[in-house]
Structure formats: structure tokens, C-alpha cells
Asks: 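Starting off with a structure, shown below.
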Amino acid sequence: MFLALLPMVAGTDSWAAAWSLADSLAIGGRFEYVTSIDRESASFPWNTTAQSSDDRTRLMLDLFVGSRYGTLYVKGSSEWSATRPSDIRKRFLFDQGDYLWSQEFHTLDYSLRLFANERRFFTHDAIAPLLSDDLAGEGQDNLGARLDAAISDDVGVTVLYSALGEKISESRAITYLRTAYSSRLAIVSASYLLDDLGALTDHSRAVLKAETSASYKKAYVVLSYQQSDVQSDKLFFPGGRFLWEDYKFDDFSKILPAGAAVFAEARLSAMGVKVGHLRAVYRYTVIGRRFFDDLGLRQPAQVSQTVRVYFLGNGVDLNSRLEYSHVARAYFENEDVDRWRGSVWGTFRNGLDFWIRANIIADVDPMFGEVGDFVHVGLRRQIKQIYSGAHIMFKDLDSIFSATRLAWDAKLALSPNWGFYCRFVLSDQFDVGQMLYTRLSYQPSDRIFLALGYGRSAIGDGPYLLEDQDIELSRFGSAIYTISVRGDF
């Protein structure tokens, strides 16, 4: 329709413009069909019928047009799901839209973006962002506009407005402004976030942030200060008073306003030692008891310090990391937590990969305090087309939740197109729980994928098998059969 109407509104070169747009038009999509069969949901254990299957069909279509008029991207999807023959749901949804217009001049470059259902709100903060990508876009239903401008090689400005909901008049809306100055040694930026909470309340939230980062040779330092406040005004700047009279060089957090937060980090890049290279990172965090920014930082009031040291061996395949953190939290009741994290990983001369990971929390009540201690040991070996790994983890040490987990997984490349994967997990937490998952995959090209699976629906997808939180869900439910077909075009 757009290409058909263009010649009616364009000038004498309308047909040429229409053909130019058609030449830059790209259409793509993805078709996905997934069905899972759970025998235990049928009326009788031996009767696998349509009543025990869960079918889902999904079709995504996207349109991309790039020309001198800007870049347009639109994506829609249709979904056909059925939990039983009498309950079939069909619907077509608008997934995402994005229009980008950019211009370059001698001293001014800018880009204007109009978006809907944006997944990412990139703010390019060095530490503690005001808008976290995963938090700001997790609702998906949003409308907005964004302007990025480079006034010169050193100064940049960003303006963003978005309604986090379908109804602009009732939805939560955010306004974000940021300006940054970059030089050879340092970057200085200031940003402001105004959060209108919508029809739920007549109050608004504002967060002001100042950040600077600098580097010199092998050292890098970044410092960030944030101030938040909630008022009934539509436009305001958060306020607060520094209590310098209470500072006695013992606790810097005492002088900060209750709605303030400070983040500092220092890094020292690789230093050569006799047997390898060392890197060190130090981070200091202060979050006031009234500081609140649920779109950028979801952490309670605390004062924390963290030191990390990384080591890379010379002449041997050996890496390690050691981390110590002390956190003093002040919510519900005061609590100090000392945490040690360490890991060693490498490869033996015979090609056997290994890793040892540990997380130890000290000075915590084992009955009601924080749990999360573990020691995780893994071995992995790959010989030609066969990969196999063994894992053991001792979890929540010295607590009523202590458990031991064992796992074995293997991959087999039957051919360049066929692959087989198997995973078995055993845990003795509360009672003996086990999880078996197998998958046979066929991929004749980069755009076609077929998988046949058997096992629990929640299997975990973390880089370290036994540390994945989804393992806790595997003890519920029964094993299911899954057929998945996906094609990209």
C-alpha cells in the first residue's frame, strides 16, 4: 500500500522513487512449530491423545526498508496455540516497529528514532545506568521517540521519551536526557530521568546522575553519583543535603542524603609477573535508604566493597579469579555479609578441560540467613566429534538446605547436519530428584532447524549446568516429548 500511494503524493520522479524503495525492500520472517506431549495428563497412562498435547504455531514477518528517506523496520507475529481440540486460539500481534532518520553535517550529526515495543534503551552509561535495557523494555508495550545528536567530536546529547504502555494518557511515561563530553583522557556526563507513574498516582519520580571516567596507561577509574526523589510536581529536580558535620573519616555513607547513591570502580589492567599476568578491580557502592530507581538499579540500601583479582598463566592453559566482597545492608534489619568467590579453569596436556568454582558466604545465620554457598567441580573432554562432561556440586553448605548435585552431559556430532545431546542431573535435596533430557537435532542449513526432545520442560540454559536456577524446577512435572520445527526466510 505504501509503494502504491507513493507516486500519488510524490513529484515528477515519483515512479523512480517508488522503484528505489522497492529495490531496498527486504522481507524476512520465521516459522516455528512446537508440540509437546505429556502422557500423564491423559485420562489413562497408556493413552496419548490430543488431550495431552500442547501445540503452538508461530509465524513472524518483518519488513525492512532503507533509503534516503530513512530506515523502517516493522515486525508482526501470528500465534496459533491449542491445549485441547476445543480450545484453539489464533491471533495476530504487532511485535515491533522502528523508524530511523539520520543526517550528517560538518559540525552536527543527529538521528531521530520513532519506535514501538522497543526491547533495548541504550544509554551508554559506564556504571549503574538510569535505564537498564532489561528493565525498561521488559514490558514490551511502549511507544516513544529518541534523538541523538553529536554537536562536535567531543559533545553528545540524547533525548528520549517513552510511554511504557499502550494507552499514553494512562500509562507510565519516562523522559530521559543525557549530555556527555569526551576528551582524550576522560569522559564526563550528566543525565536526568523523569518518571511519570501514570494514572496509578499523582506523584512523579526523578533521578539525577553525574558520572565521570578517566584512564591513564594501565589504570581506569569511573565515579558515579545519583540522587532520586518522589514528589507530586510534574517537573522537579531531586534535592538533598550533605551532612558534612557527621563525617569523621570512618564511613563516607553518613554524609550522603538518604536518597543518594554512589558508585566507584577502579581497574588495573594486565600486570606482568614471573608466571603470568594479573588484573585487579575494586568497586565501592553506597545506596541510601530512600534511593529508588526500579528502571535502572534494583538493589536495597547498602554499603559494599568488592575486590577482584584475575590471573592468566604464561606457558600453561590456566586461568583463575578470586573475589572478596563485604556488604552492609540496612533494610528490615541490619546485616553484614562477607562473600568469597573463586574459580580456576584450564586444560591438561591430554586435552581434558577442568574448572573449580566456589562461592562462600561467611558470618550468616545458617538457619534463616542468606544461602548460596557452593563448590562446583567439572571435567570436560572432546575427542573428534564426541564431547562429554561430568559435574559435581555441593550446594548451601552448613545449612538446612544443603544438597549434592551430580550431572553428566554429552554431545555427539553424527554428521555435519545431525547432532545428539543428552543430559542427566541427580540431586538429593529434600528427596532424590533426577532429570533426564535428550535431544536429536537436524539442521540442513543455517535457516532450517528440526529437534526431537524428551525430558523435563525446565532444563536450564546457564553456562554452568549445576548452577542454573531452573534446575530447581526440574523436580516438578513429568517428562514430555517435544517436536520443534523452525525455518527462517
Asks: Considering non-hydrogen atoms only, spot the tightest contact between Ala173 and Tyr161 and give its length.
Replies: CB-OH, 3.6 Å
Asks: Determine, for Asp488 against Arg447, whether the closest basic-nitrogen to carboxylate-oxygen distance falls under 4.0 angstrom.
Replies: no
Asks: Test side chain to side chain contact (heavy atoms under 4.5 Å, CB included) on Ile27 and Asp62; report intermediate values, then the result.
Replies: CA-CA 6 Å; Ile27 299 177; Asp62 59 77; over 6 Å; no
Asks: Distance check, rounded to the nearest 0.5 Å: Thr404 atom OG1 versus Leu426 atom CG?
Replies: 9.5 Å
Asks: Could you list the donor-acceptor pairs under 3.5 angstrom formed between side-chain atoms of residues 306-314 and any protein atom two or more places apart in sequence or on another chain?
Replies:
| residue | atom | partner | partner atom | Å |
| --- | --- | --- | --- | --- |
| Arg308 | NE | Glu323 | OE1 | 2.8 |
| Asn314 | OD1 | His277 | ND1 | 3.4 |

Asks: Roughly how far, to the nearest 0.5 Å, is OG of Ser215 from CD1 of Ile187?
Replies: 8.0 Å
Asks: Under 6.0 Å between ring centres: does that hold for Tyr481 and Tyr454?
Replies: yes
Asks: Measuring from atom OH of Tyr324 to atom CH2 of Trp340, what distance do you get when rounded to the nearest 0.5 angstrom?
Replies: 6.5 Å
Asks: What do you reckon, is CG of Asp294 surrounded by more than 12 foreign heavy atoms closer than 6.0 Å?
Replies: yes
Asks: Ala126 and Val222: which non-hydrogen atoms are nearest, and at how many Å?
Replies: CB-CG2, 3.9 Å
Asks: Applying salt bridge (charged side-chain N to carboxylate O under 4.0 Å, His left out), name anything that partners Glu265, two or more places apart in sequence or on another chain.
Replies: Arg267, Arg283
Asks: Looking at side-chain heavy atoms only, is the closest gap between Glu467 and Arg357 below 4.5 Å?
Replies: yes
Asks: Can you find a pair of side-chain heavy atoms, one from Ile174 and one from Asp196, that are under 4.5 Å apart?
Replies: no
Asks: Would you check, one step at a time, whether the test side chain to side chain contact (heavy atoms under 4.5 Å, CB included) holds for Leu297 with Phe291?
Replies: CA-CA 10 Å; Leu297 182 68; Phe291 178 80; 4.1 Å; yes
Asks: Please indicate whether Arg321 has more than 12 foreign heavy atoms, meaning atoms of other residues, nucleotides or ligands, lying under 6.0 Å from its CZ.
Replies: yes
Asks: Using side chain to side chain contact (heavy atoms under 4.5 Å, CB included), reason through Thr57 and Glu32 one step at a time and then give a plain yes or no.
Replies: CA-CA 6 Å; Thr57 302; Glu32 183 180 25; over 6 Å; no
Asks: Report yes if the side chains of Asn117 and Leu143 come closer than 4.5 Å at any heavy-atom pair, otherwise no.
Replies: no
Asks: Under the ring-ring contact (aromatic ring centres under 6.0 Å, His included) rule, collect the residues that match up with Phe348, sequence neighbours excluded.
Replies: Phe354
Asks: For Leu100 and Ser111, work out which heavy atoms get closest and say how close.
Replies: CD1-CB, 3.9 Å
Asks: Under a 3.5 Å distance rule, please check whether Asn350 uses its side chain to pair with a backbone N or O of Leu352 as donor and acceptor.
Replies: yes
Asks: Show me the donor-acceptor pairs within less than 3.5 Å that the side chains of residues 407-417 make with the rest of the protein, sequence neighbours left out.
Replies:
| residue | atom | partner | partner atom | Å |
| --- | --- | --- | --- | --- |
| Trp408 | NE1 | Ser388 | OG | 3.0 |
| Asp409 | OD1 | His391 | NE2 | 3.1 |
| Asp409 | OD2 | Tyr387 | OH | 3.3 |
| Ser415 | OG | Asn417 | N | 3.3 |
| Ser415 | OG | Trp418 | N | 3.1 |
| Asn417 | ND2 | Gln443 | O | 3.2 |

Asks: Once you round to the nearest 0.5 Å, how far does CE of Met393 lie from CZ of Arg405?
Replies: 4.5 Å
Asks: Considering only NZ, NE, NH1 and NH2 on the basic side and carboxylate oxygens on the acidic side, decide whether Arg381 and Asp353 come within less than 4.0 Å.
Replies: no
Asks: Residues two or more places apart in sequence or in another chain: which of them pass side chain to side chain donor-acceptor pair (under 3.5 Å) with Ser77?
Replies: Asp95
Asks: If you define the side chain from C-beta out and look only at heavy atoms, does anything of Tyr110 sit under 4.5 Å from Leu147?
Replies: yes
Asks: Give a yes or no answer on whether the side chain of Gln96 reaches the backbone of Glu118 with a donor-acceptor pair at less than 3.5 Å.
Replies: no
Asks: Please find the pair of heavy atoms, one from Gly97 and one from Phe94, that lie closest to each other, and give the distance.
Replies: N-CZ, 3.4 Å
Asks: Thinking salt bridges, do Asp293 and Arg205 make one under a 4.0 Å N-O criterion?
Replies: yes
Asks: Does the side chain of Val337 come within less than 4.5 Å of Arg329's, by heavy atoms?
Replies: yes
Asks: Whether Lys395 and Asp373 form a salt bridge (side-chain N of Lys/Arg under 4.0 Å from carboxylate O of Asp/Glu) is what I want to check.
Replies: no
Asks: What closest approach, in Å, do Ser228 and Val207 show between heavy atoms, and which atom pair accounts for it?
Replies: CB-CG2, 3.9 Å
Asks: If the condition is side chain to side chain contact (heavy atoms under 4.5 Å, CB included), which residues does Ser191 pass it with, not counting sequence neighbours?
Replies: Leu130, Tyr176, Arg178, Lys209
Asks: Angle class for the Trp355/Tyr464 ring planes (parallel below 30°, perpendicular above 60°, tilted otherwise)?
Replies: perpendicular
Asks: Is there a donor-acceptor pair closer than 3.5 Å between any side-chain N or O of Thr482 and the backbone N or O of Ser36?
Replies: no
Asks: Has the side chain of Gln299 got a donor or acceptor atom that lies under 3.5 Å from a matching backbone atom of Ile287?
Replies: no
Asks: Any non-hydrogen side-chain atom of Leu61 less than 4.5 Å from a side-chain atom of Leu63?
Replies: no
Asks: Which of parallel (below 30°), tilted (30 to 60°) and perpendicular (above 60°) describes Phe122 and His124?
Replies: parallel
Asks: Measure the CH2-CG distance between Trp345 and Asn319 for me, rounded to the nearest 0.5 Å.
Replies: 5.0 Å
Asks: Side chain to side chain contact (heavy atoms under 4.5 Å, CB included) for Leu318 and Val344? Distances and angles first, verdict last.
Replies: CA-CA 7 Å; Leu318 180 66; Val344 178; 3.6 Å; yes
Asks: Do Leu160 and Thr175 have side chains that get closer than 4.5 Å, going by heavy atoms?
Replies: no
Asks: How long is the gap from CZ on Phe115 to CG on Asp98, to the nearest 0.5 Å?
Replies: 8.5 Å
Asks: Which heavy atom of Ala270 sits nearest to which heavy atom of Lys218, and what is that distance?
Replies: O-NZ, 3.3 Å
Asks: Is the closest side-chain heavy-atom distance between Asp109 and Gln103 below 4.5 Å?
Replies: no
